Undergrad: 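Pasting in a structure now, in structure tokens, and then I'll have a few things to ask.
Starting from 1, each residue takes its place in the sequence as its number. Both counts, for ligands and for their atoms, begin at 1 and track the order of listing. In this text the structure is predicted, and so the values were computed from the model without any measurement.
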Amino acid sequence: MDLVLFGPPGAGKGTQAERLVERLQIPQISTGDLMRAERKSGSELGQKFDSYMSKGQLVPDELVIDLFAKRLGQPDAAKGAIFDGFPRTQAQAEALDGLLEKMGRTLHKVVVIDVPTDHIVDRITGRRMDPATGQVYHIRYNPPPPDVRVEQRADDTEEVVRKRDESYRRDTEPVLPYYEAKGLVARVDGLGSLEEVTERIKAAIGA
Ligand code: ADP
Ligand code: ADP
């Protein structure tokens, strides 16, 4: 099954993708995580990614699509994957269709996790990450265990979050009609406990 988790930054895409991995037995592919890993390696490409990410701008399509295509081609994604944070533009959506088509696959659903803008800043500025495992927490809604040392992402400041939310509204949300025309969109309320949201997604995808 190939599934897109769609929604503004902070909607809970990464959190829910992680929870669905076990249930669906397919990997999560997060372009944000892939880019952070590349950045950590200190490569030239990683520095290029950072020049956009640190400002809350989208990384250019050709770079993202190339990175994504390489990951999708790995053996663990042969039976499907959960796409978290990809596609974010119309060009990426079309590239995804093309890549899946070549493998004889089509998207099962695009699940939009709806979270009102006034919750976004609170969710993102409270987000913390365990750099060792990539596990995501929230200082109030999903606090890390006391023995886990967490970090805050450099782009999780209020100023950068506002830019990311703007780019979601401007470049990413307009992709939805493309998927609506294909009858693939399922909307899920993203407010409530992590468990509640997971149950809503499972119901929406028939899992
Ligand atoms: P969030 O989980 O808050 O939505 P991500 O980890 O998905 O954030 O993305 C962090 C940053 O990485 C984005 O602000 C953007 O700069 C870049 N990025 C991630 N995925 C994409 C993509 N599909 N297209 C362009 N840029 C991306
Ligand atoms: P995204 O990948 O869409 O940017 P994340 O999964 O990283 O979003 O979640 C953003 C922040 O919100 C994290 O700190 C996460 O722990 C928290 N969060 C996720 N889902 C919920 C929820 N249902 N209620 C409260 N906080 C949540």
Side-chain angles (χ1 to χ4, degrees), residues 4-21 28-39 45-46 48-69 71-72 82-96 111-116 119-130 134-144 148 150-173 175 188-201:
V4 171
L5 293 188
F6 205 94
K13 301 180 295 294
T15 301
Q16 293 300 329
E18 250 168 44
R19 297 171 63 90
L20 290 167
V21 161
Q28 163 192 16
I29 299 185
S30 155
T31 41
D33 286 349
L34 293 173
M35 289 193 244
R36 277 184 288 277
E38 189 67 43
R39 198 175 55 180
L45 183 62
K48 207 165 191 180
F49 290 153
D50 187 56
S51 65
Y52 297 96
M53 295 168 84
S54 60
K55 297 194 206 98
Q57 295 168 355
L58 291 183
V59 172
D61 284 331
E62 57 279 14
L63 296 180
V64 186
I65 291 168
D66 190 49
L67 183 79
F68 175 83
R71 177 64 187 90
L72 183 66
I82 304 165
F83 308 124
D84 155 17
F86 184 95
R88 266 174 154 101
T89 63
Q90 183 67 30
Q92 293 178 20
E94 288 170 21
L96 174 60
V111 178
V112 183
I113 307 180
D114 272 322
V115 173
H119 286 74
I120 298 292
V121 171
D122 181 42
R123 279 203 183 179
I124 291 214
T125 53
R127 172 160 59 188
R128 297 292 184 275
M129 195 180 267
D130 178 348
Q135 179 70 44
V136 171
Y137 298 97
H138 190 283
I139 47 173
R140 285 188 304 283
Y141 310 131
N142 184 19
V148 173
V150 290
E151 287 177 357
Q152 187 168 19
R153 269 169 51 181
D155 59 341
D156 276 354
T157 61
E158 186 164 344
E159 191 197 345
V160 180
V161 170
R162 296 213 182 273
K163 291 256 159 53
R164 285 156 61 197
D165 194 54
E166 264 169 46
S167 92
Y168 175 75
R169 310 283 160 198
R170 188 185 54 236
D171 301 314
T172 306
E173 225 173 17
V175 179
V188 162
D189 179 4
L191 297 183
S193 69
L194 305 191
E195 290 75 11
E196 280 168 334
V197 179
T198 307
E199 288 310 314
R200 289 178 201 141
I201 296 176

Undergrad: Considering residues, nucleotides and ligands other than Glu195, do more than 12 of their heavy atoms fall under 6.0 Å from its CD?
TA: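 Yes, the 6.0 Å shell around CD holds more than 12 heavy atoms from other groups.
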Undergrad: Can you name the residues that come within less than 4.0 Å of ligand 2, going by heavy atoms only?
TA: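 These residues qualify: Pro8, Pro9, Gly10, Ala11, Gly12, Lys13, Gly14, Thr15, Arg123, Arg127, Val136, Tyr137, His138, Tyr141, Gly190, Gly192, Ser193, Leu194, Val197.
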Undergrad: Which pairs, with at least one residue in residues 52-63 and sequence neighbours excluded, count as a salt bridge (Lys or Arg N to Asp or Glu O under 4.0 Å)?
TA: none
Undergrad: Hey, mind stepping through Arg127 and Asp155 against salt bridge (charged side-chain N to carboxylate O under 4.0 Å, His left out) and telling me if it holds?
TA: CA-CA 11 Å; Arg127 172 160 59 188; Asp155 59 341; 5.7 Å; no
Undergrad: Run the numbers on Lys48 and Glu38 for side-chain contact (heavy atoms from CB on, under 4.5 Å), then give the verdict.
TA: CA-CA 10 Å; Lys48 207 165 191 180; Glu38 189 67 43; over 6 Å; no
Undergrad: With atoms numbered from 1 as shown, which atoms in ligand 1 lie under 4.0 angstrom from a non-hydrogen atom of Gln92?
TA: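 Answer for ligand 1: 22 (C), 23 (N), 24 (N), 25 (C).
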Undergrad: What heavy-atom pair brings Val64 and Thr31 nearest, and what distance separates the two atoms?
TA: CG1-CG2, 3.9 Å
Undergrad: Distance under 4.0 Å to a non-hydrogen atom of Met35: what atoms of ligand 1 satisfy this?
TA: 17 (C), 18 (N), 19 (C), 20 (N), 21 (C), 27 (C)
Undergrad: Please work out which of the three classes, parallel, tilted or perpendicular, describes the rings of Phe83 and Phe68, given edges at 30° and 60°.
TA: perpendicular
Undergrad: Show the numbers, then the answer: is there a side-chain contact (heavy atoms from CB on, under 4.5 Å) between Asp171 and Arg88?
TA: CA-CA 7 Å; Asp171 301 314; Arg88 266 174 154 101; over 6 Å; no
Undergrad: Mind running salt bridge (charged side-chain N to carboxylate O under 4.0 Å, His left out) on Arg162 and Asp165 for me, showing each step along the way?
TA: CA-CA 5 Å; Arg162 296 213 182 273; Asp165 194 54; over 6 Å; no
Undergrad: Could you list the atoms of ligand 1 found under 4.0 angstrom from a heavy atom of Arg36?
TA: 6 (O), 10 (C)
Undergrad: Checking Leu67 against Val59 for the side-chain contact (heavy atoms from CB on, under 4.5 Å) test, could you report, in this order, the C-alpha distance in whole Å, the side-chain angles of both residues, the deciding distance, and whether it holds?
TA: CA-CA 11 Å; Leu67 183 79; Val59 172; over 6 Å; no
Undergrad: For Ile201 and Ile113, what are the C-alpha separation, side-chain angles and deciding distance, and is it a side-chain contact (heavy atoms from CB on, under 4.5 Å)?
TA: CA-CA 9 Å; Ile201 296 176; Ile113 307 180; 4.1 Å; yes
Undergrad: Is Val64 touching ligand 1 with its side chain, its backbone, both, or neither, if touching means heavy atoms under 4.0 Å apart?
TA: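 Contact part for Val64 vs ligand 1: side chain (C-beta onward).
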Undergrad: Any idea which atoms of ligand 1 are less than 4.0 Å away from a heavy-atom of Phe86?
TA: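 Those atoms are 23 (N).
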Undergrad: Identify, by atom number and element, the atoms of ligand 1 in contact range of Thr31, meaning under 4.0 Å from any of its heavy atoms.
TA: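 Once the distances to Thr31 are compared, the set is 19 (C), 20 (N), 21 (C), 22 (C), 23 (N).
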Undergrad: Using a 3.5 Å cut-off on N or O atoms only, is Val59 in polar contact with ligand 1?
TA: yes
Undergrad: If you count the atoms of ligand 1 from 1 in the order shown, which ones are under 4.0 Å from a heavy atom of Gln57?
TA: 15 (C), 16 (O)
